[in-house]
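These numbers were taken from a predicted model, which means no experiment stands behind them. Sequence positions, counted from 1, serve as the residue numbers for this chain.
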Amino acid sequence: MPIDVDEEQRRREIARATLAVAARDGARALTIRAVAKELGGSTAMVTNYVPSRMALIISAVRAAESRWRTELTTRVGERDGTELLRATVEWNLSTDPDDLLLRRLWVEMLSTLHTDPQGGDRSEPESSRAEFVEAAAAAGVPDPELAADLLYLVTRGYFISTVEDASFWTTERASRVARFVVDALVGEG
């Protein structure tokens with residue numbers, strides 16, 4: 001008799017197990033077999049839902065991106081104008097302990113885009129850039145599209161920089177950068 005499985009729940013379990021393995025053993029140790037072991041099942045338990053190692057990484061990163069969108073919405077709250085822009089940029093230039101792990105996985109995912117164009121999530125960059133356009137427009141920045149391009153490049157550069165040297169890119173340092181960039185965009189400072 002077939003087992004009735006909630007497919008979405010299983011995918012969330014696989015994403016959580018992927019993160020647990022990567023956090024404990026490092027991104028290089030991330031395999032379908034390791035995730036199956038973390039779940040206490042066979043490799044088929046994973047491959048029925050996620051067919052490859054890269055798909056494991058993508059599912060974990062996508063789960064985090066969903067959480068990040070919720071956190072950003074909570075962080076900016078009812079702010080508007082320059083405060084909305086400042087809160088959006090500061091949130092993007094912040095790091096909690098899970099972020100470093102996810103950024104390592106994100107960099108690995110990006111490194112495969114030249115061989116697997118379907119491997120990345122194209123909707124997240126578009127959403128991120130759209131949030132910057134909206135926040136820059138609310139702050140009265142003369143060219144919100146150009147501001148969004150700049151902010152996108154700054155934040156993505158920050159993500160990579162924290163993977164390279166997390167101890168250098170402290171919250172305080174990133175906050176100073178955020179304040180400087182926002183002040184420059186809105187003509188303050």
Side-chain angles (χ1 to χ4, degrees), residues 15-16 18-20 22-23 26-28 30 57-114 119-189:
R16 280 193 297 272
T18 300
L19 293 174
R28 295 259 181 210
L30 197 53
I57 292 171
I58 291 167
S59 73
V61 169
R62 283 185 178 151
E65 289 166 351
S66 174
R67 181 189 56 143
W68 289 338
R69 295 267 85 74
T70 301
E71 288 175 8
L72 175 60
T73 301
T74 300
R75 173 81 176 264
V76 300
E78 298 298 318
R79 293 184 173 122
D80 59 6
T82 301
E83 288 309 308
L84 172 63
L85 180 60
R86 192 174 312 282
T88 302
V89 174
E90 285 179 354
W91 181 85
N92 275 278
L93 296 182
S94 64
T95 300
D96 71 32
D98 289 342
D99 290 343
L100 291 176
L101 170 63
L102 289 162
R103 288 179 189 150
R104 286 185 188 96
L105 295 175
W106 178 75
V107 167
E108 189 163 339
M109 180 183 78
L110 293 179
S111 73
T112 66
L113 288 178
H114 69 285
D121 182 1
R122 303 279 191 245
S123 64
E124 192 283 330
E126 292 166 8
S127 296
S128 182
R129 193 176 170 290
E131 288 161 355
F132 286 135
V133 169
E134 179 183 328
V141 174
D143 188 342
E145 295 283 334
L146 181 59
D149 290 345
L150 171 69
L151 294 170
Y152 184 85
L153 292 172
V154 167
T155 56
R156 291 313 203 240
Y158 172 74
F159 292 172
I160 292 169
S161 296
T162 59
V163 169
E164 290 174 326
D165 188 357
S167 64
F168 182 79
W169 288 102
T170 63
T171 301
E172 295 77 27
R173 182 177 294 275
S175 291
R176 286 183 55 222
V177 170
R179 282 190 302 274
F180 179 83
V181 170
V182 170
D183 288 350
L185 287 171
V186 298
E188 296 176 5

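When all heavy atoms are compared, the tightest approach of L185 to A147 is CD2-CB, 3.9 Å. Closest heavy-atom contact between R75 and A87: CG-O, 4.4 Å. R103 and S94 get closest at one heavy-atom pair: NH2-O, 2.9 Å. Taking each heavy atom of L102 and A60 in turn, the nearest pair found is CD2-O, 4.1 Å. Across L72 and T88, no two heavy atoms sit closer than the pair CD1-CA, 4.1 Å.
Between R67 and E71 there is a salt bridge, since at least one side-chain N of the basic residue sits less than 4.0 Å from a carboxylate O of the acidic one. Of the charged side-chain nitrogens involved, at least one lies within less than 4.0 Å of a carboxylate oxygen, so that R86 and E83 count as a salt-bridged pair.
In this structure the side chain of D149 reaches within 4.5 angstrom of the side chain of R129, judged on heavy atoms. In this structure the side chain of L151 reaches within 4.5 angstrom of the side chain of L85, judged on heavy atoms. Contact of the L19 side chain with the L105 side chain is registered, since non-hydrogen atoms from C-beta on lie closer than 4.5 Å. Under the 4.5 Å side-chain criterion, counting only non-hydrogen atoms from C-beta, T18 is in contact with L30. Considering only heavy atoms from C-beta on, P144 stays 4.5 Å or farther from L146 through its side chain. Side-chain contact between S161 and R173: absent, with no pair of heavy atoms (C-beta onward) separated by less than 4.5 Å. Residues L100 and V163 fail the side-chain proximity criterion, which asks for heavy atoms closer than 4.5 Å. For the pair S128/R156, a side-chain contact is recorded, criterion being any heavy-atom separation below 4.5 Å from C-beta on.
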Next item on the list: Determine, step by step, whether T162 and D99 satisfy the side chain to side chain contact (heavy atoms under 4.5 Å, CB included) criterion, reporting the C-alpha distance in whole Å, the side-chain angles of both residues, the deciding distance to 0.1 Å, and the verdict.
Entry: CA-CA 9 Å; T162 59; D99 290 343; over 6 Å; no
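The side-chain contact (heavy atoms from CB on, under 4.5 Å) test with N92 is passed by exactly one of F132, Y152, Y158: F132.
The distance from the CZ atom of R179 to the CD atom of E90 is 6.5 Å, given to the nearest 0.5 Å. Distance check, rounded to the nearest 0.5 Å: CD1 of I57 to CE of M109 gives 9.0 Å.
Within a 6.0 Å sphere centred on CD of E108, other residues, nucleotides and ligands contribute more than 12 heavy atoms. In the displayed structure, R176 atom CZ is contacted under 6.0 Å by at most 12 heavy atoms of other residues, nucleotides or ligands.
Using a 30° and 60° split on the angle between ring planes, W106 and F159 fall in the perpendicular class, above 60°.
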